[in-house]
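These values consider heavy atoms only, across backbone and side chains, with no hydrogens, waters or symmetry-generated copies.
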Amino acid sequence: MPPKPKSPAKGKKGKLSKAEKERLKKEEAERKLQEEEEARLKAEQEERERLERERLEREERERIEAAESQRHCAEVAELKSILEGNKNALYNMHEQRRSKAKWDRYMQCSGSPDPTIAPEINTYINLWKEDTQKSGIDVVLEESKQTLALIAELEFLIEDMPEEKCDESMVERYRETIVELQNLLTIKLDEATCILLKDASSMADSETGNLQLVKSNPVINMMLWGNLTKNPRFKSFEFEEQHFIFELPKQLALTDIAIRIIHTKYDHFSHLCRTFWPKKKKKPQTPPEEDVHGMEEKMDEGQGAAGESEEKEDGEKEGGEEEVEEKAEEPTEEKENTEDKGDENGEGAETSATQKEGEPGEGDGDAVVEEEDEEDEDELDDLDDEDTVDMRAYQVLGGVVHFDLLCLPPQPKQVKSWLMTQVTMDELKRVPYAADSNKLGLSLSGNMTMTMGQTLDPKAVANAAAAAEALGAPPVGVTLKLPDNVLFSEEPQMAYWSHDRKQWRLDGFVDVKFDEESRMLSFKTVNFGPLACIQDKHINMPFQSWELRPIGADHARFTIIAAIIEAEIEIKGPLCCFKQTADSDFRSELDAIRGKWMEPRELIKVLKNTGVNLFPEDDSKKYVSISEKDPDVENGLYQQMALTASHFAYSWSKWNTESGTERIILQGCEKLEDDIPLDPQPEGEEERKEEWALLMVSRERAMKLKMTEYEEEFSDVHAEGSQFHADLYHMVNDLSTEPGLERMRNSHYRFVDAVYQMLAATRVIAYS
């Protein structure tokens, strides 16, 4: 075949000449240069715009800051004047109330002694202690009402004592009187029990043949059982109306014993614990001016006498040391032991002793850190072991149950026409149970201790019970009903009072069971004496959210969504009442306090005793993770929120935890009508954005932020058109309408104080 003809254009199509390539390269370079130039010009334009914008913002901020600095002093002075006016009005009102109460107490003709007057209260104590005619159980229960009233009066006087008039010696004397009255009540109850047991046979039950007696008043409920028959088949007994059952092992069922149960609504033991009272912070002491001048004079004299002999200098030093030692000497064994410990451990015990005398030490800068470490060590020393209850972290709920094993005295015998009674000491004898031995105590500790939120190992329980029985002291079974007016947010934890150690302890309880529906708690124990249920003080902390919303003039609603309970506190004038939110779980235990109006201090106490503890203490941050804030700024914010609570609503902000210790962030908006509750959730977010503003408060100023609650990143840029102010109070004034300002000006100082007390007691800023 002949070859195919070649295409005339093949091999030459698409080829560019050298000149064309050079031209295209030049055009591409020019295009790139043009694009780079345009990008440069655009970047320069954007940079100029940014700089201009920043300049305008800076000038605007400087203008606002200049205006704020001009009115800062005036705003601070105005707020101080308002707070001082309210403080003086409250002080005068309370002074008048105290004076009237003191006069009414003086004019009282009930025969009740004045517990603040030492001769009167000492006479009352001695007369009742020595009066054997008033030792009957009915008389004791009746007289106990007055004794408890005197104790309550002294406790109220201690709480009501103003700080500026607080006398430590007087407070200490009141507390000593309280302890004496509590001991007196215990003594009289023991005497009454002894009288009953001596004549137990005459009161024996016709069916069982044993003593079965119940005596009570509104505060004390005493149940007494005497083993008169010593029936070997006896296993348990129930006080039906009191819902209390106890089971005795065979060893006790065959002996002359009695069981006494006294259920008291009060707790006279916890305040005796070392861990009950908060640790006082040690403040570094500075030497008085006179001492400073004296030291300077001595230094000058020392410089002037530099040429004297060395022997004279040594003599002066020795004399000075002797004087210091004489001043520092204290004849107490406790301080000597402290010095010995300091010498053994190589710590600066002598330095701390001289600092107490006001003398400066070399390590003053490190003293604060050392003191903090010492405080932590002291707290650890207060807890002897893991079974010791820390009363800073836990509280007793539902009163105290005294479960006592007593000796049954010889009973009178009828011989013909004679009634023969063996003469015994008029003293109640407690039977020492074998649980007091070290071996048994060890066998029932450790694994048998039920820690919070944990379940006991059944095998450990069985092994411990078997070990106890082998030692001759099997545990005693107890079943009781918890009070209907106390809320237990978790399974109750049992504790017993150790008189020797003066502390609540957890060891010695096994087979603890709780029926939530019937509220029946059963357990086995080898511990006789005071028993109690304890609960974590901080179980509801930290809070999830909170809101303070006005309802009307001198009327507001304070809502706290805690970890377990949703509480609503309505504040009207000087009074408050507890309610639950509409969508929260209804708790029948709170019926007794729900809707009852009382003063804030009383409501706080009632809520704590009911098991609704929403009130952190000074050292609660050791047990709860919080957003710690500057205490002065935080407390000042509560005062200003209270001043504006009649017309301005406040709510928590998620940004508060990320703003550091110096700044506080919360939401706020004006509310003049009691409309539907503001929705704190993202549902209905657009409406909420229009209502709420983010407010930032620090020690220097208060301002409204440009960002909203639902931004992804935090920014402290102030809102356009807003002003800086010295405090929250004046910033709220700037954000409020005239009707709202008018309502705020007319707020009563007692309503403001009630709101402040609830905010300061709950500390929602730091604990949410």
Side-chain angles (χ1 to χ4, degrees), residues 538 540-551 556-571 579-584 612-616 620-621 624-631 633-642 644-645 648-671 676-685 687-698 702-705 707-716 728 731-732 735 755-768:
H538 311 97
N540 274 299
M541 305 175 200
F543 312 133
Q544 297 180 15
S545 64
W546 61 270
E547 183 178 275
L548 177 64
R549 183 166 60 90
I551 299 176
R557 182 176 290 116
F558 185 34
T559 305
I560 298 178
I561 309 299
I564 293 178
I565 194 170
E566 297 181 8
E568 187 177 276
I569 299 173
E570 191 170 337
I571 308 170
K579 297 181 178 179
Q580 283 188 266
T581 58
D583 54 349
S584 63
V612 184
N613 196 338
L614 306 172
F615 312 100
S620 291
K621 62 183 180 181
V624 183
S625 176
I626 68 171
S627 304
E628 192 167 0
K629 301 295 179 181
D630 186 319
V633 177
E634 182 185 353
N635 187 67
L637 189 64
Y638 295 143
Q639 293 176 331
Q640 298 162 49
M641 290 169 65
T644 58
F648 212 82
Y650 299 96
S651 180
W652 76 290
S653 171
K654 66 180 182 182
W655 299 108
N656 186 49
T657 58
E658 303 179 15
S659 58
T661 60
E662 301 297 327
R663 299 184 297 184
I664 296 176
I665 298 177
L666 68 163
Q667 299 182 78
C669 69
E670 187 181 52
K671 278 288 176 181
I676 59 175
L678 302 174
D679 184 10
Q681 302 299 331
E683 302 168 359
E685 184 176 334
E687 180 182 355
R688 185 173 176 83
K689 284 183 179 179
E690 295 175 1
E691 289 180 334
W692 292 93
L694 272 185
L695 312 177
M696 186 173 74
V697 182
S698 64
M703 56 188 288
K704 177 183 176 182
L705 297 180
M707 66 174 294
T708 64
E709 175 70 9
Y710 302 102
E711 300 287 347
E712 294 183 358
E713 295 183 359
F714 176 75
S715 171
D716 61 355
L728 176 74
M731 180 175 64
V732 169
L735 300 176
V755 176
Y756 167 72
Q757 287 189 57
M758 296 309 304
L759 290 172
T762 54
R763 293 193 60 191
V764 288
I765 296 294
Y767 281 81
S768 295

*Asks:* Check for a donor-acceptor pair, side chain of Q640 on one end and backbone N or O of G636 on the other, with a separation under 3.5 Å.
*Replies:* yes
*Asks:* Is there a side chain to side chain contact (heavy atoms under 4.5 Å, CB included) between V755 and M641 once you walk through the steps?
*Replies:* CA-CA 8 Å; V755 176; M641 290 169 65; 6.0 Å; no
*Asks:* Is the W546 ring parallel, tilted or perpendicular to the F558 ring (thresholds 30°, 60°)?
*Replies:* perpendicular
*Asks:* Say you draw a straight line from SG of C669 to CZ of R549; how long is it, rounded to the nearest 0.5 Å?
*Replies:* 10.0 Å
*Asks:* For the residue pair K579 and I569, establish whether any side-chain heavy-atom pair is separated by less than 4.5 Å.
*Replies:* no
*Asks:* Could you measure the distance from the OG atom of S627 to the CH2 atom of W655? Nearest 0.5 Å is fine.
*Replies:* 13.5 Å
*Asks:* Which atoms form the tightest heavy-atom contact between A702 and V697, and what is the distance?
*Replies:* CB-CG2, 4.1 Å
*Asks:* Supply the atom-to-atom distance T762 OG1 to Q757 CD, rounded to the nearest 0.5 angstrom.
*Replies:* 11.5 Å
*Asks:* Name the residue from L728, L695, D630 that meets the side chain to side chain contact (heavy atoms under 4.5 Å, CB included) definition with L637.
*Replies:* L728
*Asks:* Do F615 and M758 make a side-chain contact, defined as non-hydrogen atoms from C-beta onward lying under 4.5 Å apart?
*Replies:* yes
*Asks:* Apply salt bridge (charged side-chain N to carboxylate O under 4.0 Å, His left out) to R557 and E547, showing your working.
*Replies:* CA-CA 8 Å; R557 182 176 290 116; E547 183 178 275; over 6 Å; no
*Asks:* Which heavy atom of K621 sits nearest a heavy atom of Y767, and at what distance?
*Replies:* N-OH, 3.3 Å
*Asks:* Are L614 and M541 side-chain neighbours, meaning at least one heavy-atom pair lies under 4.5 Å?
*Replies:* no
*Asks:* Quick one: pull up OG in S653 and CG in L705 and give me the separation to the nearest 0.5 Å.
*Replies:* 8.5 Å
*Asks:* For K654, give me all partners under salt bridge (Lys or Arg N to Asp or Glu O under 4.0 Å), at least two apart in sequence or on another chain.
*Replies:* none
*Asks:* Just wondering, do V764 and I560 contact through their side chains at under 4.5 Å, heavy atoms?
*Replies:* yes
*Asks:* Consider only side-chain N and O atoms of N635 and Y756, and report whether a donor and an acceptor are under 3.5 Å apart.
*Replies:* yes
*Asks:* Is there a side-chain contact between L735 and K704 in this structure, where contact means two heavy atoms from C-beta onward sitting under 4.5 Å apart?
*Replies:* yes
*Asks:* Which heavy atom of A556 sits nearest to which heavy atom of A645, and what is that distance?
*Replies:* CB-O, 4.2 Å
*Asks:* In chain order, what residues pass the ring pair (Phe, Tyr, Trp, His ring centres under 6.0 Å) check against F648, with sequence neighbours excluded?
*Replies:* Y650
*Asks:* Of all heavy-atom pairs between E634 and A766, which one has the smallest distance, and what is that distance?
*Replies:* OE2-CB, 3.7 Å
*Asks:* Looking only at heavy atoms, what is the nearest atom pair of A761 and P616, with distance?
*Replies:* O-CD, 3.3 Å
*Asks:* Any sub-3.5 Å donor-acceptor pair from Y638's side-chain atoms to I765's backbone N or O?
*Replies:* yes
*Asks:* Measure the spacing between CE of M703 and CG of D716 and express it to the nearest 0.5 Å.
*Replies:* 6.0 Å
*Asks:* If only atom types and distance count, is the side chain of Q667 paired as donor or acceptor with the main-chain N or O of W652 below 3.5 Å?
*Replies:* yes
*Asks:* Can a donor-acceptor pair be found, under 3.5 Å and without considering hydrogens, that links the side chain of N540 to the backbone of V612?
*Replies:* no
*Asks:* Would you compute the distance between atom OG of S651 and atom CD of E691 and round it to the nearest 0.5 angstrom?
*Replies:* 11.0 Å
*Asks:* Would you say the side chain of S698 lies within less than 4.5 Å of the side chain of E662, judging by non-hydrogen atoms?
*Replies:* no
*Asks:* So do the side chains of L694 and E709 get within less than 4.5 Å of each other, counting heavy atoms only?
*Replies:* yes
*Asks:* Return the minimal non-hydrogen interatomic distance between M696 and F714, and the atom names on each side.
*Replies:* SD-CZ, 4.3 Å
*Asks:* Mind checking side chain to side chain contact (heavy atoms under 4.5 Å, CB included) for S659 and listing every partner two or more places apart, or none if nothing turns up?
*Replies:* K629, N656, R663, I665
